[in-house]
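Comments concern the structure below.
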Amino acid sequence: MLKEYRSIEEVAGPLMLVQDVEGVTYNELGEIELQNGEVRRCKVLEVDGSNAVVQLFESAVGINLSNSKVRFLGRGMELPVSMDMLGRVFDGLGKPIDGGPEIIPDKRIDINGVPMNPAARDYPSEFIQTGVSAIDGLNTLVRGQKLPIFSGSGLPHAQLAAQIARQAKVLGTDSKFAVVFAAIGITFEEADFFISDFKRTGAIDRAVLFMNLANDPAVERISTPRMALTAAEYLAFQKDMHVLVILTDITNYAEALREVSAARKEVPGRRGYPGYLYTDLATLYERAGRQRGHEGSITLIPILTMPEDDKTHPIPDLTGYITECQIILSRELHNKGITPPIDVLPSLSRLKDKGIGEGKTREDHANTMNQLFAAYARGKEAKELAVILGDAALTETDKLYAQFADNFEAEYVSQGFDTDRSITETLDLGWKLLTILPVGELKRIKQEYIDKYLKK
C-alpha cells in the first residue's frame, strides 16, 4: 500500500513543495489525487531532508492544497515496450493516441537509459542511403552516427525529416530497419502533416511515432526524446534492428529545459539556458551508436531551428560539439526555390570517409565528392566576383565554374521532397555535372575513374 501525503505546502507554476515525506528519491514518479478524484502525475525534482520539490506533468489549475493527496510510486518514469509499438502513434509520455489499444508490454524500461560503455562501442562504418543527394553524395550518413540538421524558422526541415524517415535504408543487408520519430513541442498542423505523410507512404508500418504538441506541459517535452530513445534501444539492442531516430525540434526541448530551470530558480547560463545544457543534450545524443555483440544500431538525426539563423546560439553550438557533423539548411537557397535547401559547403560529416568507397557505395565516391566540393566552391567565388566586377572580369574557365555552380544547385541539390535517388544515381549525376568543366580541371579525381565514368 502506497503512503499518501496531505502535506502540500506550496504550488508555484509547474512546481509543488511536499513536506514531511519519507524515503522519496530523485526522479521518482508520483500521483496527485484531487478532491474530485481526478489524478495528475508528477516527478520528484529535488529532495531536501523531508521536503520534496515535484514537477507537475499537467496543469496546476484546481489543486487545493488542503484537500489534495500525493502518492509516490517508488519508481522512475518507464516506457512499456514490445514489437507491437511499430506502426503506432503515442503522446510524449508513451500513451497511445491513434485510437488503438494499449500496448501489452514485454517489459518496462526506465526512460533515462543506461550510458553506453565507450569500450563496448563499435565504430560507425556502414553507409545509410537517405535518397537525398546532398547528404548521400557529399555528407554521407553512416550507421550509428549522430547527424543533426541545423535549420531556421520557416525553412522546410519538417519535409526533409519526413523524406529521410520515408526513404532511409541500409544497403546490402536484409536486416530489419525501423524509424523512431519524436516530435517535440510542435503545432497540431505539423503533427498532422507527419502522421498523414507516414500513413500516405506506408512508412508508418516500420515506424514508432511520439507526438508532443506545443500546448502540452513543458515537463512532457523533456520526457519525449527519452521515450523515443528508449523505444529505439529496445528495438536495436534487444530485437537487433537498425533504428533511425529523428528528433524534431531540439530547440523546443531546450526551451522547456530553460522554463523548468527558471521555475526552480537555478542560476542561468548563456542566454538564460541552464548551465548543464551541454551535459543534458549529451545524455540524449550519446545514446546513439553501435554496440559490440549486437547486430542492431541507433542512428540519430536531431533537428534544431537556430534562433535568428545564428549558428553560435547555445543550442546549435553545443550540439555541434557533441555530434560528429551537421547538415545546414540555407535561407538563400530556400528563397531561390531549391528543395531541400541544403547548404553543402558549411555542412559536414566527419565520418563520411568511413562509409563510402568500394564495397560500400562505389570506388569513385571519395574522388567525385572532393571534386564536386572544390568546383562548387570555386563556382560560388566566380559568381561573387561577377556581382562586384561584372561578367567581363571572368575568364572563360571562371564562367564555366559559375555555370557549374548554378547547375549543381538546380540539379544535384534540388530534387524535391518526393524523389528517392539511389547512390548510383547520385554519383552518375555528379559525373554528368562535371562534364561542364574541362577534363584538365578535374584534378581531384584519379585518371582511371575519369576514363571509366566520365564518358558514361
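Here H157 pairs with nothing under the ring pair (Phe, Tyr, Trp, His ring centres under 6.0 Å) rule; sequence neighbours left out. In this structure F90 satisfies the ring pair (Phe, Tyr, Trp, His ring centres under 6.0 Å) test together with F210, sequence neighbours excluded. For F127, the ring pair (Phe, Tyr, Trp, His ring centres under 6.0 Å) criterion is met by no residue, not counting sequence neighbours. In this structure, the ring pair (Phe, Tyr, Trp, His ring centres under 6.0 Å) partners of Y376, at least two apart in sequence or on a different chain, are F408.
The residues E259 and R221 are annotated as not salt-bridged, no charged nitrogen and carboxylate oxygen being separated by less than 4.0 angstrom. Ion pairing between a basic and an acidic side chain is recognised when a charged N comes within 4.0 Å of a carboxylate O; D317 and R270 show such pairing. Under 4.0 Å is where a charged nitrogen must lie from a carboxylate oxygen, and between E33 and K69 at least one such pair does. Using a cut-off of 4.0 Å between Lys/Arg side-chain N and Asp/Glu carboxylate O, R121 and E286 are scored as salt-bridged.
Within the structure, ring pair (Phe, Tyr, Trp, His ring centres under 6.0 Å) contacts touching residues 217-239 (residues at least two apart or in different chains) are F237-H294. Sequence neighbours left out, the pairs with a member in residues 92-119 that pass salt bridge (Lys or Arg N to Asp or Glu O under 4.0 Å) are R88-D98.
In the model, T426 has no side-chain atom that pairs as donor or acceptor with a side-chain atom of R421 under 3.5 Å. At a cut-off of 3.5 Å, with distance as the only test, a side-chain donor of Y253 or R226 sits close to an acceptor on the other residue. In the model, R287 has a side-chain atom that pairs as donor or acceptor with a side-chain atom of T230 under 3.5 Å. Between the side chains of E126 and S297, no donor N or O sits under 3.5 Å from an acceptor N or O.
Considering Q326, E324, Q145 in turn, Q145 is the only one that fulfils the side-chain hydrogen bond (donor to acceptor under 3.5 Å, both in side chains) rule with S349. Of the candidates I423, L141, L147, L160, T130 forms a side chain to side chain contact (heavy atoms under 4.5 Å, CB included) with just one, namely L141.
R40 and V61 make their closest contact through NH1-O, 2.7 Å (heavy atoms, listed as atom of the first residue, atom of the second, distance).
Ring geometry for Y273 versus H313: interplanar angle over 60°, hence perpendicular rather than tilted (30 to 60°).
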